[in-house]
Q: 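I'd like to ask you about the structure that follows.
Below, read A as the first sequence line, B as the second, and so on, with proteins coming before strands; counting in each chain starts at 1. What you see is a predicted model, and the numbers here were worked out from it, not measured in a lab.
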Amino acid sequence: MEKTISVDLKNHLSEMERLRQIVEEFSQKHQLDESTTFALDLVLEEVVTNVIKYGYQDQERQDRIHVDLSLMNGELTIVIRDEGRPFDPTAHPEPDLELPLATRPIGGLGIHLVRNFMDSVEYKRQGNENVLTLKKRVTIQGQ
Amino acid sequence: MQIRQNKKDDVLILELEGRLDVNTSNTFSDRVLSLIGAGEKYFVIDLSQVVYISSSGLRAFLTLAKKLSENGKIVLSSLRQEVKEIFDISGFGSLFPIVASQEEALRIFQS
């Protein structure tokens with residue numbers, strides 16, 4: 001049985017708290033364990049924050065960021081869609097984690113974390129939308 | 001994000017509580033930057049009450065480490081497992097000394 005939740009967010013960082021509450025409800029409803037909830041929280045923050053910061057150039061517009069969360073047959077699927085400029089977060093090179101402090105860059109960490117916590121991360125440009133699909137096999141509590 | 005601040009000898013102890021995310025990390029970095037500006041050089045950052053950290057939180061630590069590097073020292077203590085994991089995945093586990101308790105962190109400054 002598929003269980004899906006959809007949410008539209010404005011492209012503003014103040015929306016992050018509302019997103020977090022929705023994740024919390026989704027997680028409780030489907031009995032996801034703590035580490036899965038943490039991962040879900042984190043990847044959504046990283047992706048949505050990137051869209052808000054870099055995707056929409058005109059901050060005044062109340063553009064929508066659409067998030068679908070679904071759980072089917074033990075697999076979590078997250079789809080994030082936005083109408084910002086074409087932006088493929090997966091095209092960012094992996095940060096060099098061996099660099100010493102002085103030369104360590106600040107960027108690239110977000111998508112690195114997303115890749116680490118998700119089983120798959122796929123981007124496509126569909127019409128005027130960026131579509132990012134994240135998948136992860138999850139543990140339901142009690143199973 | 002709440003911050004409790006104490007000083008022991010030369011060492012500034014900051015106990016953080018809550019989340020270090022895109023909206024709260026600035027509170028933390030602003031505080032430490034102003035303390036560095038006021039001349040503080042030695043910090044213990046106790047994260048026992050920090051339940052979540054994202055790249056924004058990591059970025060705040062990196063900024064502080066870069067600001068301090070030559071003249072001071074930051075030691076992190078009491079990271080919860082899921083927070084420690086974020087540090088390790090990002091390669092930040094090697095950027096700062098990370099120890100299990102505040103007491104252990106303070107001992108580093110005494111030696």
Q: Need one label for B/Gln81: side chain, backbone, both or neither, based on atoms under 4.5 Å from any heavy atom in chain A.
A: neither
Q: Taking heavy atoms only and a threshold strictly under 4.5 Å, list by residue number the residues of residues 116-127 of chain A that touch chain B; give 'none' if the list is empty.
A: A/Asn116, A/Phe117
Q: Nearest 0.5 angstrom please: A/Leu109 CG to B/Leu62 CG, how far?
A: 7.5 Å
Q: Same cluster or not: are B/Val44 and B/Ile53 linked, directly or through other Ile, Leu, Val, Met, Phe, Trp or Tyr residues, by side-chain heavy atoms under 4.5 angstrom apart?
A: no
Q: Is chain B contacted by the side chain of A/Ser35, its backbone, both, or neither, given a heavy-atom distance below 4.5 Å?
A: neither
Q: Taking A/Leu132 as the starting point, is it possible to reach A/Val79 by hopping between hydrophobic residues whose side chains are less than 4.5 Å apart?
A: no
Q: How long is the straight-line distance from OG of B/Ser54 back to CE of A/Met16, given to the nearest 0.5 Å?
A: 8.5 Å
Q: Determine whether B/Val22 and A/Glu46 make a side-chain contact, defined as any pair of heavy atoms from C-beta on separated by less than 4.5 Å.
A: no
Q: Please round to the nearest 0.5 Å and tell me the distance separating atom CG of B/Asn23 and atom CZ of A/Arg20.
A: 11.0 Å
Q: Should the heavy atoms of other residues, nucleotides or ligands under 6.0 Å from NZ of B/Lys7 be counted, would the total exceed 12?
A: yes
Q: Could you measure the distance from the CG atom of A/Leu113 to the CG atom of B/Leu58? Nearest 0.5 Å is fine.
A: 6.5 Å
Q: Please say yes or no: joined through hydrophobic side-chain contacts below 4.5 Å, possibly via intermediate residues, are B/Ile13 and B/Val83 part of one cluster?
A: no
Q: Report, as yes or no, whether the 6.0 Å neighbourhood of atom CZ on B/Arg4 holds more than 12 heavy atoms from other residues, nucleotides or ligands.
A: no
Q: Which residues in residues 24-32 of chain B have any heavy atom closer than 4.5 Å to a heavy atom of chain A?
A: none
Q: Ignoring hydrogens, what is the shortest heavy-atom contact between A/Phe38 and B/Tyr52? Give both atom names and the distance.
A: CE1-CA, 3.8 Å
Q: Hydrophobic clusters here meaning ILVMFWY residues chained together by side-chain heavy-atom distances under 4.5 Å, can you tell me if A/Ile78 and A/Val23 are in one?
A: yes
Q: For the residue pair B/Asp21 and A/Leu42, establish whether any side-chain heavy-atom pair is separated by less than 4.5 Å.
A: no
Q: Quick one: pull up CD in B/Glu82 and OG1 in A/Thr37 and give me the separation to the nearest 0.5 Å.
A: 11.0 Å
Q: State the CD-CZ distance between A/Glu45 and B/Arg19, to the nearest 0.5 angstrom.
A: 6.5 Å
Q: Using the rule that two of Ile, Leu, Val, Met, Phe, Trp, Tyr join whenever any of their side-chain heavy atoms come within less than 4.5 Å, decide whether B/Leu14 and B/Phe96 are in one cluster.
A: yes
